[in-house]
Amino acid sequence: MSQKIFNTRTRTKETFTPIKEGAVGIYVCGITAYDVCHIGHARAAVVFDVVVRYLRSRGYEVTYVKNFTDIDDKIIDRANREGVDFREISERYIQAHDDDMAALGVQTPTVVPKATEHMVEMITLIKNLEEKGYAYSVAGDVYFSIRDFKPYGGLSGRNLEEMMAGARVDVNDKKKNPLDFALWKNSKEGEPFWESPWGKGRPGWHIECSAMSGRYLGETFDIHGGGEDLIFPHHENEIAQSMASTGKPPANYWMHNGFVKINSEKMSKSLGNIFPVQEILKNYHPEILRLFMLQSHYRSPVDYSEESLTEARTALIRGYRTLQLLKEARMQFPAEARQESSGLSEKAESYISRFAKLAEKFDEAMDDDFNTAQALGYVFEMVRLTNNFIVEEKKMPAPEKAAILEEAQKVFDRFGEVLGVFHGDPDSFFMADQETELRKRGLKIDAIEDLVRQRQAARQNKDWSRADELRKELAAMNIVLKDSPAGTTWTVE
RNA sequence: GGCGGCAUAGCCAAGUGGCUAAGGCAGCGGUCUGCAAAACCGUUAUUCCCCGGUUCAAGUCCGGGUGCCGCCUCCA
């Protein structure tokens, strides 16, 4: 099956055909660096991270460009409020963004260009638009004239008349048309500026993406992505600029991720329901957040709540328990001792072929417009099948077990590599998760282990009532015990 | 006002014309266990918001209705 992508421009799922066989150029609108990243930024980042990971895993050579808007009104506002240079603000929040992304396991894009480092490209592009008659300058500002660009509205499915009818009164009377947008803004006294043919000023918001995508990916590239709120006006304007300049559409496929809602409401500063990534990661292992988001299709809205993260954590633990069982079993039955595939019994072959079938289904789901929710369904079926194997096939000859365990691990490695979930060492995961949970609940590891030791002693004396009492005491702290012949282990629920 | 989306079990969530409607969480019964936990096995939607239509066949397509949401202004 071939890769399918839902293209916002046509509102249909289309077969993905890259411009250059075996290679993909993708541009995703990044953040404006004026504040820390919230869960909505995290979703966009994780969605496109998985898109890129999957395409790479299928053998495409992917050039992934994600920009930073490091000059903008909001950055200037913040710099003024804090009394610092705007660069200090943008650098601070770019660093914070990079830290958050690293924590979330989001791979660094191939190129991470900044607007301020591409002034030459932007000015050249604006000049070109002016020469071709698509732009006009007024008192140091330059505007794009949408009336002169006939296809305007093609991405968002609007036409000019509709928009004119619904347009609010624009206070900017320099514009010929209220829907015209700024390519270049004249700088006011004390604002940062760059020299240009129109005087001292700074670029408008949309132009940077046209300039940078063009520079790194060419006039037309494969995929352009971003949050669904960017469809209009940002991406519409990008298309207008690029097409007016080059005569070609900038991207063949437009992908937009859905929003993160909070209790079914839009996240917004006015509602005060912004959840910064840093805050969430204080209380939840990063993979919990990834799993939570990937359990829904990327175009659907997701509703964030503590409960849904807690559910995702339970599911994540389930998967990692299996990976832990698998790890232990593989130590017992190492790959070196495995049976050659030619000599496997029918039963062993049946396990391996079922693994392969799930891996195939996983790819089919991902091929179908990156359906991570469905793909995760197969991941969990793999979890069940692996558990089932480990529990049921105790008596299978060691070389066969080793062969099957090896295959199972390979399948999980692939899933983990694509989703960025279930990819780490299970013991490290449990340690990190435990640390987070203990910190969140204000529990001390020493106090817990002391109680566990006391209970161990009681158990050795077969003082079951004392042991149960201690179990209850620990349960009150959300500590769940697991007794095994090797001793007692505990987890935070 | 214009444009667009969504409605599937107690909750979350895939599925967009045809095998038994994925998967996760929660619940229940069983195996295991000193008791538990985990894991495994079994079980939980005769039905996909409502009404009508197309079709041999619809959760899936069409028309109408109801409810919720997003964009049209900076926004992932």
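These values consider heavy atoms only, across backbone and side chains, with no hydrogens, waters or symmetry-generated copies. The chains referred to below are lettered A, B, ... by the order of the sequence lines, with proteins before strands, and numbering in each begins at 1.
- Distances were taken from every side-chain heavy atom of A:N257 (C-beta onward) to each of B:A38, B:A76, B:A37; the shortest belongs to B:A76.
- Pairing partner, B:U46: none, since no Watson-Crick or wobble contact has both distances short of 3.5 Å.
- Taking a pair to require two hydrogen-bonding distances under 3.5 Å in either a Watson-Crick or a G-U wobble arrangement, B:A22 remains unpaired.
- The nucleotide whose nearest atom lies closest to any side-chain atom of A:R471 is, among B:C35, B:A22, B:C25, B:C35.
- Closest to the A:R384 side chain, of the nucleotides B:G70, B:C41, B:A76, is B:C41.
- Residue A:A115 comes nearest to A:I71 through the heavy atom pair CB-CG2, 4.3 Å, listed as atom of the first residue, atom of the second, then distance.
- The listed nucleotides are B:G24, B:G70, B:C41; the one nearest the side chain of A:N388 is B:C41.
- With rounding to whole Å, A:L294 atom CG is found 14 Å from B:A13 atom P.
- Remark: C1' of B:A38 and CG of A:D433 are 15 Å apart, rounded to the nearest angstrom.
- The base-pairing partner of B:C35, taking Watson-Crick or G-U wobble contacts with both distances under 3.5 Å, does not exist among the strands shown.
- Look at CD1 on A:I262: it is 15 Å from C1' on B:G70, rounded to the nearest Å.
- Stacking here means ring centres nearer than 5.5 Å and ring planes tilted less than 30 degrees, and by that measure A:W464 stacks onto B:G34.
- At distances below 3.5 Å, at least one donor-acceptor pair connects side-chain atoms of A:K175 with backbone N or O atoms of A:D180.
- Look at OH on A:Y378: it is 10 Å from P on B:G15, rounded to the nearest Å.
- Toward the 5' end of RNA chain B, the nearer of the two residues A:V480 and A:D468, judged by each one's closest nucleotide, is A:D468.
- Listed for the A:N186 side chain is no donor-acceptor partner under 3.5 Å among the backbone atoms of A:D141.
- Of the residues listed (A:D369, A:N257, A:N371), the one engaging A:Y298 in a side-chain hydrogen bond (donor to acceptor under 3.5 Å, both in side chains) is A:D369, and it is the only one.
- Counting to the nearest Å, the P atom of B:C69 and the CG atom of A:N273 are 14 Å from each other.
- For A:A373, the listed nucleotide lying nearest its side chain is B:A14; candidates were B:C35, B:C40, B:A14.
- Heavy-atom minimum distance, A:G105 versus A:R53: O-NH2, 2.8 Å.
- Of the two residues near RNA chain B, A:F232 and A:R43, the one whose nearest nucleotide lies more 5' is A:F232.
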